Amino acid sequence: MTVLSVRDVHLAFAGVKAIDGVSFDVGVGELFAIIGPNGAGKTSIFNVLSGIYRPQSGTVTFLGEDLIGLKPHRIAARGMARTFQNVELFAGLTVLDNLMLGRHQHTRYGPLAAMAWLGRARRAELAARAAVEEIIDFLELEQWRKQVVGLLPYGVQKRVELGRALAMEPKLLLLDEPVAGMNLEETEDTARYILDIRQELGLPMILVEHDMGLVMDLADRILAVDFGVPLATGAPEEIRRDPEVIRAYLGEAS
Amino acid sequence: GRDDGGDGGTGAPGVTKEACPNAVNKDNGCIYLGTISDLTVGPFKALAVPITKAQEMFWKRVNTQGGIGGYDIDVTKYVRDNKYSPETHTQVYQEIKGKVLAIAQTLGSPTTAAVIDDMRTNKVVATPASWTSLWNFEDVILESGAPYCIESMNAVDYAIETVKPKSVMAVHNPGDYGGDAAAGAKYAAETNKLTFSDVETPPGQENQGRAIEAIVKNKPDLVILTAGPTDTAVIVGEAAARGYKGRFIGTGPTWNPGLIASPAAPALKGLYWQSAPWMPFQTDTPGHKAMRDALGTGIGAPNDGYTAGWVWSYPLKAALTKAAADKDLTRDGLLKAVKSLTTVDYEGMLTGGNYAGDATTGAVRTTVIGAPDDTAPTKIKIIKEAFTGPTAKGYALSKPCFQA
Amino acid sequence: MSRPLLHTSYAQDMALLDTRTKRVAILALLAVAAFTPLQVADDLLQLLTIGMVAAVGAIGLNIVTGYAGQISLGHAFFIAIGAYTGAAVSGAEGGRVIGLGLDFLPFWMLLSGLAAAVAGVIVAPLATRLRGLYLAIVTLGLVFLGEHVLKEWADLSGGPGVGRPAAVPSLFGIRLDVPGVYTREQKMFWLALVVLVIFAVLARNLVRSRIGRAFTAVRDRDIAASVIGVDVARTKLLAFAISSFYAGVAGSLLYTVTGFMDPGSFTLGMSIQYIAMILIGGAGTISGSILGALALTLLPRLTRELPAVLPFVSARSDEFPNVYQLDSALYGALIIAFLIFEPRGMYGLWVRQRNYWKGYPFSY
Amino acid sequence: MLAVRNLEVVYHDVVLVLRGISLQVPRHRIVALLGANGAGKTTLLRAVSGLLDVHDGKITKGRVELGDRRIDGLPPARIVRNGVRQVMEGRRIFAELSVEENLRLGGHTAAKAIGANLTRVYDLFPVLRDRRSGTAGYLSGGEQQMLAVGRALMSDPELLLLDEPSLGLAPRLVQQIKEIIVEINDQGTTVLLVEQNAAMALDIADHGYVLENGRIVMDRPAAELLADDDIREFYLGLGAEGAARSFRDVKHYKRRKRWLS
Amino acid sequence: MYALLALGFVIIYKSMRVISFAQPAFMLAGAVIVTYLSDDVGFWAAAALAVAAVAVLGLGVERVAIRPMVGRPVFVVAIITLGLDILIRVVVGGFIGLDVRQVGDPWKLGTVGLFGVDVQQRYLAMLGAAVLCVLVLFLFFRYTRYGLAMRAASFDQESALAQGVDVGRVFAISWAMGTALAAIAGILVGAGTSVDQNIWIIALKALPAIILGGLDSLGGAVVGGLAIGVAEALVGTYQADHAPWLGENFASVTPYALMLAVLLVRPYGLFGTREVERV
Ligand SMILES: Nc1ncnc2c1ncn2[C@@H]1O[C@H](COP(=O)(O)OP(=O)(O)OP(=O)(O)O)[C@@H](O)[C@H]1O
Ligand SMILES: Nc1ncnc2c1ncn2[C@@H]1O[C@H](COP(=O)(O)OP(=O)(O)OP(=O)(O)O)[C@@H](O)[C@H]1O
Ligand SMILES: [Mg+2]
Ligand SMILES: [Mg+2]
């Protein structure tokens with residue numbers, strides 16, 4: 001059973017081939033990782049998946065549905081959630097509001113109901129709040145709940161972003177460099193959250209990360225790309241030993 | 001809400017037993033009159049400032065002559081700037097209306113229109129500072145001189161006498177000012193079987209291209225112009241530069257003495273005449289003389305804004321005098337006095353001032369024509385003294401001209 | 001020192017007025033406002049009324065600009081649509097200008113809002129294509145085009161320099177614009193107060209709802225917003241529609257207060273004044289919009305009083321410098337000074353004071 | 001060369017972030033500054049480069065000296081001219097400008113040497129040469145980081161303040177950046193290196209400081225730090241036995257160790 | 001004409017991302033100063049002095065009212081420029097007095113024959129001035145570091161500071177240049193006609209021009225200015241005959257209509273820099 005199936009995707013920007021024939025599948029409950037040098041096209045793959053970029057060719061099938069050409073919010077509605085390489089939180093809002101925004105698709109009521117704040121709107125908001133509180137609990141964000149995210153420590157911001165993605169109740173979670181810029185302690189925390197998400201929610205995930213320790217320890221399968229071209233796909237051990245991957249990406253140090 | 005009008009025991013707002021601040025006659029009471037004018041950033045500042053100044057001097061002279069019915073008149077305490085915006089006008093009007101008996105000056109038509117309902121309801125008599133024919137239909141407004149449309153009729157009639165035009169074009173700003181004049185020109189042209197065309201042009205030097213184009217292309221024999229002074233310079237100057245040789249006659253506000261030094265001066269001297277509701281600054285009538293004396297030498301260059309402010313003040317003086325004589329210095333009394341006025345003594349500056357009858361009988365129909373001249377004090381020399389052309393004579397005002 | 005806030009349910013935590021102090025303060029404020037007309041002179045009352053109506057418009061602008069981040073210089077355009085719709089619907093039939101004679105206030109007020117909202121919906125797609133100042137200037141273009149239409153369409157507007165009577169307010173056969181037991185100004189004040197309170201509460205509810213959050217999300221990061229499921233185009237559309245609705249309602253009432261309007265009023269200057277209102281009040285806050293609108297409407301009154309106490313300026317309009325010039329200049333200068341010293345607006349000033357006292361006596 | 005003495009920094013007049021920091025960066029050395037997120041590392045760099053103003057921060061106590069000149073309080077442009085360059089966290093390249101325009105701008109204070117410096121930077125980072133006329137904002141994360149470092153080199157700085165240069169870089173590039181830092185240092189530039197990647201930083205540094213909560217809690221030669229048990233556990237992720245722990249074994253309770261406070 | 005005005009806006013926008021609504025006031029100031037000086041020192045010297053004086057005024061204003069706002073949202077700054085506009089216009093208006101004033105230009109309404117058409121000398125002067133300004137600006141941006149520094153400062157002030165760019169000086173220079181251009185434009189507006197309080201309105205016409213050309217493009221400002229001038233003239237001449245339903249004086253709103261049309265096709269104007277956004 002595959003959740004997501006990407007077939008032969010090509011994407012180019014004015015001469016730069018960002019993705020050049022990438023294909024892969026993500027299975028139920030799988031933690032799939034994508035690695036590759038800077039500029040290899042990892043983020044671009046995410047952007048294609050979430051509908052920000054439209055590839056020139058190729059198909060993306062998510063839970064049996066073709067995603068190409070859909071607007072990002074439609075894709076989000078189908079259960080795709082992601083975090084961003086550089087934190088893309090709404091800096092002026094509180095943690096709570098950021099998480100509530102994650103529930104945008106799940107709180108459904110119109111502007112008139114919102115203005116009146118009676119009945120449906122009120123109930124929906126209360127329900128959303130309860131759901132968000134669970135995530136706050138899960139990610140241990142209690143102490144920052146009502147703080148404006150812009151001023152929070154970087155590691156916490158990354159966690160809030162993860163929380164926002166979780167609030168969407170996704171069916172697939174894309175994580176773009178979740179531990180970049182974190183210190184060891186925070187990295188370990190994040191690793192723990194990722195494991196917990198797997199365990200408790202059974203959520204399939206795609207992980208893009210340069211911290212090889214984390215990738216190798218957590219991922220079930222890894223896809224390595226370079227210049228948009230897939231180099232290899234396989235279990236962590238295979239990838240670690242793949243000469244092409246070492247040449248292009250890992251370097252002799254590891 | 002409370003009405004803040006101090007009535008000083010006489011029962012009328014703006015009338016106090018106490019003397020005016022800086023009173024000439026310390027024993028007199030005080031009648032406060034309000035002034036709402038365009039004093040800083042609005043487009044008519046160059047006219048509004050001298051009007052306001054002249055009115056101050058006019059009422060000072062009245063006070064020096066003993067005041068009216070035991071009262072001095074103060075027009076300096078409640079002066080407000082409307083920036084030529086109806087909103088501001090309304091606000092300042094509300095601010096001062098409870099404190100004044102009447103309004104010595106309310107400048108502009110859209111601005112005044114914004115408060116006219118209230119003036120009607122509260123019987124606040126006011127002197128306008130514009131010549132739209134609309135005022136002939138308002139009881140509370142004490143207009144002086146011929147409205148724009150009659151002035152234009154006279155201008156056309158005068159041209160018929162002198163340059164014998166076959167075609168007339170009205171080049172005018174939109175709205176009551178230009179629209180009124182254009183309506184007059186159109187009526188005159190039609191009455192006299194001349195071809196007529198109408199070009200509306202917005203204010204602003206850079207916006208005159210189309211008007212100039214129209215003039216140069218159609219070569220009308222006569223252009224009746226209603227625009228601002230700088231726009232006038234552009235239109236006349238450029239049209240002349242592009243070979244137009246017909247005749248321009250502009251209404252009162254098209255002229256500013258500064259134009260005589262402008263690059264368009266040669267063209268203006270050649271092609272341009274100026275119509276006006278009354279004689280200019282330097283004229284030799286008792287009224288003009290009194291004005292010049294009152295203003296003294298400290299005013300800089302002469303300007304017909306002063307003349308206008310001075311002339312406009314006579315009817316209110318007459319009404320106040322009448323109300324005082326009737327021992328009824330209240331708003332009611334003043335309005336009653338206004339409605340009983342059949343003539344006002346303008347000390348030779350103008351004849352007219354019938355506010356008792358309807359618009360047609362009340363309207364003043366005289367106009368003077370002048371031409372640019374370096375040597376005259378306001379750079380305009382009169383070439384035709386007060387006259388009423390045949391068209392204007394027969395014209396019945398049934399509603400404001402620009403609405404006809 | 002204030003007690004820590006303890007709430008025992010999410011409903012309590014999310015309530016609009018979440019502390020007792022706030023509830024009491026608001027009630028007191030409303031009570032004072034309701035009795036104001038009995039105490040204050042009519043001219044000031046009228047100014048306050050205009051300020052309150054302007055506040056409705058400012059809230060509208062704040063929704064689209066402060067919350068949704070779409071800088072609009074076209075607010076005057078939407079206000080004009082509201083003003084003329086209201087006037088045309090409620091105006092007397094068969095007069096010089098268009099009038100349908102339907103003078104039931106809620107009817108024409110809502111209709112004005114709707115008309116403006118429709119215009120907003122038409123304009124909104126521009127916002128999905130244009131960013132920042134480009135959008136601002138293009139919406140400014142609307143103002144000029146609108147002004148042109150109004151000037152040309154004299155049957156509706158009365159023509160430039162002539163104008164027409166504004167909307168006729170009547171509630172169940174009672175005309176609010178003619179004096180009765182209470183004066184016109186008093187009645188209009190109460191009307192404006194009620195309208196403002198209703199619209200402010202509605203707006204406040206809106207901005208804390210999912211829609212309000214979506215506005216902010218689109219303002220701060222539209223890509224991220226779309227990825228978490230916010231339909232950016234629809235959200236902008238909604239922001240423009242609601243904002244214009246407010247503008248329309250405000251427009252329909254704005255001139256009813258004074259009774260008369262001229263097409264020359266709906267200019268760039270008006271748009272900018274509204275921008276100034278929300279900036280001075282505090283962008284992205286409802287109470288800020290109200291404060292800003294009141295401040296900016298009352299400011300000219302203040303600047304007219306101020307120069308009079310300064311000895312060195314002349315009260316004569318033909319001398320330089322004179323009080324009238326100073327009054328205009330002061331208006332400009334106060335705006336500059338305020339924004340320099342309190343860039344977050346009056347709301348920011350208030351927050352700062354509140355925080356200071358909350359933390360008192362500790363400064364760090 | 002750089003000496004920071006007893007520095008205190010406050011943001012917005014209320015948030016005290018640095019609480020009396022002293023630190024030395026000798027000429028031609030690489031000094032590493034480690035510390036948890038939010039410890040105040042970036043703030044310290046800002047205090048040196050004069051960029052505190054922009055963030056409404058103020059030095060309330062202490063001084064910053066470059067050689068024997070006091071440089072705190074100087075405007076940033078002057079400090080750059082004195083040879084101090086900060087590479088800001090998060091790259092902060094000019095997204096709308098082209099790669100080469102970014103570099104030229106980096107040479108704003110050394111206009112004469114722009115040609116030579118361009119060649120030098122392009123030699124260090126060949127990718128940038130290939131993308132020279134491309135819009136900088138469309139570069140990938142790593143490419144942008146290279147551009148940011150390259151841009152700083154355009155003014156021939158004497159002291160380079162690097163704020164987390166390895167952030168978001170692929171392992172091979174981290175290696176490369178590391179080599180480049182060493183190379184730049186060999187060419188005569190003194191480096192103050194702020195890093196989360198402690199292994200990388202301590203590997204090339206001569207000396208290291210550890211910052212916690214606005215205070216320096218450790219100040220030792222890099223080699224000693226590498227051998228310190230606490231550092232090994234909390235910054236390098238090495239178990240007591242010296243082998244790397246697996247992230248799969250991370251414990252489910254909050255571990256937090258503080259040296260002070 | 002519009003091109004010159006537009007250039008002033010663009011220079012300031014280029015460095016601060018702010019549209020200075022005070023440009024009309026500076027334009028008026030330039031014109032009025034010349035009217036005072038030209039009688040005594042002649043037109044050319046007066047013009048030079050006026051431009052210099054306005055540039056200094058611009059510097060001062062930048063220092064007092066704009067510099068403290070560095071780093072604040074651009075719209076707050078824009079509203080400040082608006083306050084400045086009111087302030088300066090009141091003062092300058094006070095100096096205009098009651099009569100319209102003359103700049104005393106040498107061209108008056110004189111014409112010269114050019115390719116068989118009579119062209120007014122002052123239009124040639126305007127054209128010359130515009131070409132000269134564009135040339136000077138082009139050279140300035142080409143051969144000094146400041147062009148790049150201006151753009152950089154407008155995108156990210158902190159980062160520009162870190163590059164050693166004296167952002168304050170960059171802003172000052174851009175204000176001085178922008179206001180000087182406004183002054184030149186003001187003088188030329190006054191040439192051939194007269195100066196009164198109301199000429200500032202013309203400056204607003206430059207807004208569609210710069211949007212059309214792209215807010216931060218000098219070339220765009222020139223092209224936009226010309227396009228708008230031409231469009232206005234064409235519409236003014238032909239619209240009444242061919243499309244009377246647009247109403248009288250449609251010409252004066254043509255710039256806005258044109259701007260709307262162009263922006264629907266090109267959201268950053270003809271030559272504007274596209275905003276880079278990526279995640
Ligand atoms: N919107 C865009 N326009 C032009 N080029 C782009 C755009 N987005 C990405 N690119 C280019 O596509 C290539 C892949 O970029 P991408 O961001 O996907 O890399 P990445 O693998 O995520 O790198 P990193 O690990 O540094 O984040 C890069 O060369 C980048 O410059
Ligand atoms: N502009 C600012 N205003 C207020 N507080 C700030 C500001 N910048 C930083 N701080 C606060 O100062 C503290 C130190 O921040 P700093 O950025 O110096 O930390 P850091 O050690 O560089 O962390 P990181 O590893 O995340 O970069 C943090 O608590 C942060 O919240
Ligand atoms: Mg990436
Ligand atoms: Mg940092």
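These values consider heavy atoms only, across backbone and side chains, with no hydrogens, waters or symmetry-generated copies. Proteins get letters first, then strands, A, B, ... in listed order; numbering begins at 1 in each. Values in this document were obtained by computation on a predicted structure and should not be read as measured data.
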Which answer fits [X], side chain, backbone, both or neither, if we ask what part of it has an atom under 4.5 Å from a heavy atom of chain C?
| X | result |
| --- | --- |
| A:A116 | backbone |
| A:V132 | neither |
| A:A113 | neither |
| A:L112 | neither |
| A:R164 | side chain |

Checking C:A225 against chain A: side chain, backbone, both or neither under 4.5 Å from a heavy atom?
-> both
Min side-chain heavy-atom separation C:F199-C:V249 under 4.5 Å = yes
Where the side chain of [X] meets the backbone of [Y], is there a donor-acceptor pair that is under 3.5 Å apart?
| X | Y | answer |
| --- | --- | --- |
| A:S50 | A:I52 | no |
| A:Q157 | A:V87 | no |
| A:K158 | A:E177 | yes |

I'd like to know if the side chain of [X] pairs up with that of [Y] as donor and acceptor (distance under 3.5 Å, no hydrogens or angles considered).
| X | Y | value |
| --- | --- | --- |
| A:S5 | A:D25 | yes |
| A:R54 | A:N47 | no |
| C:S289 | C:N62 | yes |
| A:Y154 | A:E186 | no |

Is A:D66 paired with A:R7 through a side-chain N to carboxylate O contact shorter than 4.0 Å?
-> no
Determine, for A:R145 against A:E133, whether the closest basic-nitrogen to carboxylate-oxygen distance falls under 4.0 angstrom.
-> yes
For chain A, which of C:D220, C:I228, C:L206 has the most heavy-atom pairs under 4.5 Å?
-> C:I228
Residue, of C:A214, C:G229, C:A233, that accumulates the most heavy atom pairs under 4.5 Å with chain A = C:G229
Using a heavy-atom distance cut-off of less than 4.5 Å, which residues of residues 70-79 of chain A contact chain C?
-> A:P72, A:H73, A:A76
Chain C interface, residue from A:P111, A:G102, A:A81 that has the most non-hydrogen pairs under 4.5 Å = A:P111
